[in-house]
Amino acid sequence: MNTASIRKKLYDYIRVADDRKVRAIYTIIENDMIEPYEWWNDKELLAKLDHRSKQIKSGNDKGQLWEDAKIEILNHHKGAGNGI
């Protein structure tokens with residue numbers, strides 16, 4: 001059975017399952033459910049970005065052009081077999 005079929009079966013089951021079963025399923029997967037990462041609240045990341053920005057503005061780091069970065073990212077994904 002493919003993943004899409006499994007998801008549909010789970011969705012259909014959870015919609016009608018009794019509360020006890022829904023809680024049991026949730027207990028099994030709750031540790032895998034990840035809160036969205038709010039990078040704008042990450043002080044360490046913001047400090048790194050600020051430092052990097054200052055290095056680029058001062059000329060101590062030449063940075064990378066967006067077109068070059070995009071090509072590198074796309075080539076990396078093609079090599080990983082992601083079809084992007």
Side-chain angles (χ1 to χ4, degrees):
M1 183 180 311
N2 65 29
T3 304
S5 297
I6 293 169
R7 282 189 178 134
K8 181 174 179 349
K9 283 185 173 280
L10 286 170
Y11 173 76
D12 291 342
Y13 179 77
I14 289 171
R15 283 185 29 224
V16 297
D18 63 57
D19 291 348
R20 184 179 60 83
K21 289 180 182 176
V22 171
R23 283 190 188 97
I25 292 168
Y26 181 78
T27 300
I28 292 169
I29 64 169
E30 72 180 316
N31 289 335
D32 293 336
M33 297 173 68
I34 299 172
E35 300 263 337
Y37 174 58
E38 297 176 341
W39 60 268
W40 54 90
N41 291 326
D42 185 336
K43 291 181 181 178
E44 184 177 334
L45 175 64
L46 293 176
K48 287 179 184 179
L49 290 173
D50 186 50
H51 174 73
R52 178 107 166 109
S53 177
K54 287 177 183 174
Q55 293 288 35
I56 291 170
K57 287 177 183 176
S58 71
N60 291 330
D61 187 329
K62 69 175 185 143
Q64 187 173 17
L65 296 174
W66 166 240
E67 286 302 317
D68 295 337
K70 185 168 73 171
I71 290 168
E72 187 176 320
I73 291 166
L74 291 173
N75 286 338
H76 173 75
H77 282 288
K78 285 179 186 174
N82 292 333
I84 294 175

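Atom CD of E30 is surrounded by more than 12 heavy atoms from other residues, nucleotides or ligands within 6.0 Å. In Q55, the CD atom is crowded: over 12 heavy atoms of neighbouring residues, nucleotides or ligands sit closer than 6.0 Å. For Y37, the OH atom counts as densely surrounded, since its 6.0 Å shell holds more than 12 non-hydrogen atoms of other residues, nucleotides or ligands.
When all heavy atoms are compared, the tightest approach of W40 to L46 is O-CD1, 3.2 Å. Across all non-hydrogen atoms, the minimal contact from V22 to I14 is CG2-O, 4.0 Å.
The NZ atom of K9 sits 5.0 Å away from the CE atom of M1 when rounded to the nearest 0.5 Å. Put simply, CG on L45 and CZ on R52 are 12.5 Å apart, with the number rounded to the nearest 0.5 Å. Note: D50 CG to K43 NZ = 14.0 Å, rounded to the nearest 0.5 Å. Between the CG atom of N75 and the NZ atom of K70 there is a distance of 12.0 Å, given to the nearest 0.5 Å. The line from CG of D12 to CZ of R7 is 14.0 Å long, rounded to the nearest 0.5 Å. Taken from CG in D32 to CD1 in I34, the straight-line distance is 7.5 Å, to the nearest 0.5 Å.
Using modelled atom types, no side-chain atom of S53 and backbone atom of L49 make a donor-acceptor pair closer than 3.5 Å.
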